[in-house]
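Just below is one structure, and these are the notes that go with it.
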Amino acid sequence: MEKTFKNSHFRNNTMDFQNILYSTQGSICTITINRPDKLNALNYQTIQEIGKAVNTANADEIIRGIIITGAGQKAFVAGADISEFAHFSSPEAEKLSRDGNDVFHRIEQSAKPIIAAVNGFALGGGCELAMACQIRVAAEHARFGQPEVNLGLTPGYAGTQRLVQLIGKGKALEYLMTADMIPAAEAHRLGLVNYVVPAAELIPKAEELLNKIATKAPLAIAAVIRCVNDYFTDGVNGFESEIREFGKCFATNDFKEGTQAFLEKRKAEFKGN
Ligand code: COA
């Protein structure tokens with residue numbers, strides 16, 4: 001589904017990337033994985049490009065939120081690129097997994113919210129990519145799954161970890177071991193996705209959520225993301241993180257603006273400082 005933008009705030013920067021499209025409109029950046037003939041399968045380069053694009057969006061002060069989606073109607077991402085790793089040795093595979101995990105970890109830790117707009121198959125690395133994002137919105141025809149055991153593999157980009165976090169150990173083990181696909185409605189029931197919408201409403205729904213979040217204080221949003229991630233981080237006490245982050249907020253101009261606006265019964269104008 002090709003989208004053209006006439007808005008003067010639209011910027012398209014595809015020159016630096018081969019496998020993704022990077023575009024911005026207003027305060028939202030959209031990263032589109034663009035290998036539709038391979039159902040947007042993630043080869044090494046594509047994952048690195050996604051990581052670079054997320055860094056670029058995080059460094060752009062105009063951007064307040066990021067959408068990750070797949071080109072075409074059929075797939076968000078149908079997994080890691082099987083043809084790329086089919087002949088890898090164990091050390092090569094471990095490096096692939098470690099480098100991919102690093103990028104997905106950066107997505108999870110992004111200071112700006114990232115929404116996976118899941119427009120079709122989200123299998124293997126696709127499900128893992130969606131799970132690394134802060135929020136997932138799925139089209140009705142989307143299907144999730146971790147089919148790696150069909151290939152004699154475990155997931156490699158933290159599918160065994162984040163699926164447990166999102167849907168619990170029992171159902172996660174079932175889907176990881178059966179390799180069954182999870183239809184969008186079931187993914188919603190399990191808490192794997194936040195919303196299921198008709199395909200035409202997928203990007204608008206993601207934009208609506210990001211636009212709502214963009215009215216809030218950016219430093220507080222980034223702190224919320226850190227605190228929630230700390231809940232799942234070994235050796236880090238998330239309760240302590242929250243106490244510290246709460247204290248730090250009191251030193252920000254946005255806190256002063258937020259509280260003053262409340263007392264003056266007006267809408268707060270946050271500046272992100
Ligand atoms: N890696 C590499 N190529 C992939 C791919 C992947 N994960 N998923 C799909 N493709 C390629 C196919 O090889 C095919 O390429 P070709 O036209 O050059 O032969 C193209 O994308 C279209 O896929 P195809 O299998 O013909 O589509 P389909 O509609 O019959 O089936 C799927 C769709 C998603 C069910 C099927 O492609 C599939 O099972 N993919 C692999 C899913 C997977 O195991 N992911 C985890 C990888 S670790």
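Counting convention: from 1, in listed order, for ligands and their atoms alike. Residues: numbered from 1 along the sequence shown. These numbers come from the heavy atoms of this one structure, side chains and all, not from hydrogens, waters or symmetry mates.
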Exercise check, heavy-atom protein proximity under 4.0 Å to [atom]:
atom: atom 25 (O) of ligand 1; answer: no
atom: atom 10 (N) of ligand 1; answer: yes
atom: atom 47 (C) of ligand 1; answer: yes
atom: atom 39 (O) of ligand 1; answer: no
atom: atom 31 (O) of ligand 1; answer: no
atom: atom 13 (O) of ligand 1; answer: no
atom: atom 19 (O) of ligand 1; answer: no

Taking N or O atoms only and a 3.5 Å limit, does [X] qualify as a polar contact for ligand 1?
X: Ala78; value: yes
X: Gly124; value: no
X: Lys38; value: yes

Quiz item: Heavy-atom count around His188 NE2 within 6.0 Å, excluding the residue itself: above 12?
Solution: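 More than 12 within 6.0 Å, yes.
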Quiz item: Any side-chain donor paired with an acceptor under 3.5 Å for Asp254 and Thr252?
Solution: no
Exercise. Could you verify whether a donor N or O on one side chain and an acceptor N or O on the other, from Gln45 and Glu49, lie under 3.5 Å apart?
Key: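 Gln45 vs Glu49: donor-acceptor pair found between side chains.
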Quiz item: Is the cationic atom of Lys74 (NZ for Lys, CZ for Arg) positioned less than 6.0 Å from the six-membered ring centroid of Phe121 and within 45 degrees of its normal?
Solution: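 Judged by the rule, Lys74 and Phe121 form no cation-pi pair.
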Regarding [X] and [Y], does a basic nitrogen lie under 4.0 Å from an acidic carboxylate oxygen?
X: Arg106; Y: Asp102; value: yes
X: Glu257; Y: Lys267; value: no
X: Glu174; Y: Lys171; value: yes

Exercise. Please determine which of Val103, Asn19, Ile50 meets the side chain to side chain contact (heavy atoms under 4.5 Å, CB included) test together with Leu42.
Key: Ile50
Quiz item: Can you tell me if Asp37 has a non-hydrogen atom under 4.0 Å from ligand 1?
Solution: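 Yes, Asp37 has heavy atoms under 4.0 Å from ligand 1.
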Exercise. Determine whether any heavy atom of Asn150 lies closer than 4.0 Å to an atom of ligand 1.
Key: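 Under 4.0 Å: no for Asn150.
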Quiz item: Checking Lys112 side chain against Asn58 main chain: does a donor-acceptor pair fall under 3.5 Å?
Solution: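 Yes: the side chain of Lys112 pairs with the backbone of Asn58.
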Quiz item: Checking Asn119 side chain against Ala139 main chain: does a donor-acceptor pair fall under 3.5 Å?
Solution: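 It does not hold such a pair.
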Looking only at protein heavy atoms, which one is nearest to [atom], and how far off is it?
atom: atom 1 (N) of ligand 1; result: Ile82 N, 3.0 Å
atom: atom 35 (C) of ligand 1; result: Met181 CE, 4.0 Å
atom: atom 5 (C) of ligand 1; result: Ala41 CB, 4.0 Å
atom: atom 22 (C) of ligand 1; result: Leu39 CG, 3.8 Å

So if I count the atoms of ligand 1 from 1 in the order they appear, which ones are less than 4.0 Å from some heavy atom of [X]?
X: Pro147; result: 43 (C), 44 (O), 45 (N), 46 (C)
X: Lys74; result: 27 (O), 28 (P), 29 (O)
X: Leu123; result: 34 (C), 42 (C)

Quiz item: Which value, rounded to the nearest 0.5 Å, describes the distance between Phe144 atom CZ and Leu166 atom CG?
Solution: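 Between atom CZ of Phe144 and atom CG of Leu166 there are 10.5 Å.
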Exercise. Counting heavy atoms only, name the option from Gly159, Gly156, Gly79, Ala80 that's nearest to atom 6 (C) of ligand 1.
Key: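 Nearest heavy atom to atom 6 (C) of ligand 1 lies in Ala80.
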Exercise. Could you check Arg226 against Glu242 for salt bridge (Lys or Arg N to Asp or Glu O under 4.0 Å), going step by step and ending with a plain yes or no?
Key: CA-CA 9 Å; Arg226 279 195 296 275; Glu242 187 187 283; over 6 Å; no
